Engineer: 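My questions all concern the structure below.
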Amino acid sequence: MLRQVMVLAGALVVANAGLAFATNPDTGPGCGLGKLLWEGHANQKSIGPQALMATTNATGLNTIAITMGTSGCTNDGQIWAQHKAGVFAAMNYDNLSQEMAQGRGEHLTSLATLMGIPAERHGAFLSMTQERYAVLMQEGEASPAAFVKALNDAIAQNPALTQVASR
């Protein structure tokens with residue numbers, strides 16, 4: 001249980017790091033009330049307005065704006081889409097390990113779907129994970145991100161899967 005909590009925490013740190021880099025570097029910190037309030041400032045790229053935008057957004061209203069898609073924010077799920085396989089792998093690592101050894105299973109099939117592999121190619125994905133089990137599990141011990149990267153690398157080397165998964 002402690003391992004699962006630590007792995008999940010690691011996945012959330014990776015996801016939050018992605019959110020930190022998702023801001024628009026040309027006009028300050030992303031979206032939200034702070035962005036709207038300081039939108040007309042002549043020197044948006046300078047540290048003062050950017051600090052004020054970020055401070056205003058830190059009031060918690062930015063979370064609501066992102067969730068609701070208001071104040072210049074969107075809720076299109078682009079950041080989540082990039083990290084969903086890693087978060088899923090972190091939360092289900094033990095089940096994935098067992099299912100990869102068997103070459104079948106509900107969690108492994110769900111991971112294939114999250115990685116953008118069409119249903120007609122799931123069999124090839126399941127077989128590939130079973131064949132490369134030892135290597136994939138060794139990579140997975142490092143972190144969920146390393147595990148998903150190892151999976152993406154294995155997909156890239158598999159002719160039946162090369163052009164179907166989203167990266």
Side-chain angles (χ1 to χ4, degrees), residues 1-26 29-32 57-58 60-167:
M1 178 67 176
L2 178 60
R3 183 184 187 295
Q4 288 176 322
V5 170
M6 292 183 69
V7 171
L8 179 59
L12 292 174
V13 167
V14 169
N16 284 333
L19 289 173
F21 294 113
T23 61
N24 182 346
D26 292 334
C31 63
N57 283 345
L61 296 175
N62 204 41
T63 304
I64 295 168
I66 292 169
T67 304
M68 303 300 289
T70 62
S71 303
C73 298
T74 65
N75 58 0
D76 60 6
Q78 292 302 311
I79 297 300
W80 171 246
Q82 295 173 9
H83 299 287
K84 64 186 170 187
V87 171
F88 181 84
M91 295 176 66
N92 297 287
Y93 187 79
D94 292 335
N95 291 323
L96 288 169
S97 174
Q98 291 173 3
E99 292 177 8
M100 287 170 65
Q102 298 168 358
R104 59 183 160 77
E106 185 177 305
H107 295 88
L108 193 53
T109 301
S110 295
L111 181 61
T113 300
L114 289 172
M115 294 183 78
I117 297 174
E120 64 270 8
R121 302 278 175 98
H122 283 185
F125 177 79
L126 298 172
S127 295
M128 181 272 300
T129 59
Q130 186 178 28
E131 291 166 10
R132 300 188 51 100
Y133 175 77
V135 172
L136 294 170
M137 284 296 100
Q138 182 179 3
E139 292 292 325
E141 288 294 322
S143 72
F147 173 69
V148 172
K149 182 185 180 318
L151 272 173
N152 278 324
D153 291 346
I155 289 167
Q157 296 171 6
N158 186 304
L161 300 172
T162 300
Q163 297 181 347
V164 297
S166 62
R167 294 185 158 247

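Just so you know, these numbers use all the heavy atoms, side chains as well, and skip hydrogens, waters and symmetry mates. Sequential numbering from 1 along the given sequence is applied to the chain's residues. Fair warning: this is a prediction, and the values are worked out from it, not measured in the lab.
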Engineer: To the nearest 0.5 Å, how far apart are CG in Asn152 and CG in Leu161?
Structural biologist: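 So the gap between those two atoms works out to 11.0 Å.
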Engineer: Do the rings of Tyr93 and Phe147 sit parallel, tilted or perpendicular, given the 30° and 60° boundaries?
Structural biologist: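 Geometry flag for Phe147 against Tyr93: perpendicular rings.
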Engineer: Do other residues, nucleotides or ligands put more than 12 heavy atoms under 6.0 Å from the CD atom of Glu106?
Structural biologist: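 Count not over threshold, so no.
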Engineer: Answer yes or no: is there a donor N or O on one side and an acceptor on the other, between the side chain of Asn158 and the main chain of Ala154, under 3.5 Å?
Structural biologist: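 No; judged by distance alone, with no hydrogens or angles, the pair does not exist.
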Engineer: In the structure I gave you, are the side-chain heavy atoms of Leu111 and Leu151 within less than 4.5 Å of one another anywhere?
Structural biologist: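 Yes; the side chains approach each other to less than 4.5 Å.
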Engineer: Residues two or more places apart in sequence or in another chain: which of them pass side-chain hydrogen bond (donor to acceptor under 3.5 Å, both in side chains) with Ser97?
Structural biologist: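 Per chain and number, Ser97 pairs via side-chain hydrogen bond (donor to acceptor under 3.5 Å, both in side chains) with Tyr133.
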Engineer: Using a 3.5 Å distance criterion without hydrogens, assess whether the side chain of His107 forms a donor-acceptor pair with backbone atoms of Glu99.
Structural biologist: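 It does not hold such a pair.
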Engineer: Looking at side-chain heavy atoms only, is the closest gap between Leu108 and Phe125 below 4.5 Å?
Structural biologist: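 Counting from C-beta outward, Leu108 and Phe125 do come under 4.5 Å.
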Engineer: Which value, rounded to the nearest 0.5 Å, describes the distance between Met115 atom CE and Ile155 atom CD1?
Structural biologist: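 The distance works out to 4.0 Å.
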Engineer: Kindly compute the distance separating CE (Met100) from CE (Met128), expressed to the nearest 0.5 Å.
Structural biologist: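 The distance works out to 7.5 Å.
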Engineer: Would you find a donor on one side and an acceptor on the other, under 3.5 Å apart, between the side chain of Arg104 and the backbone of Leu126?
Structural biologist: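 The answer is no, because no donor-acceptor pair under 3.5 Å joins these two groups.
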Engineer: Could you tell me the separation between the OG atom of Ser110 and the NE2 atom of His122, rounded to the nearest 0.5 Å?
Structural biologist: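 Reported value, rounded in 0.5 Å steps: 8.5 Å.
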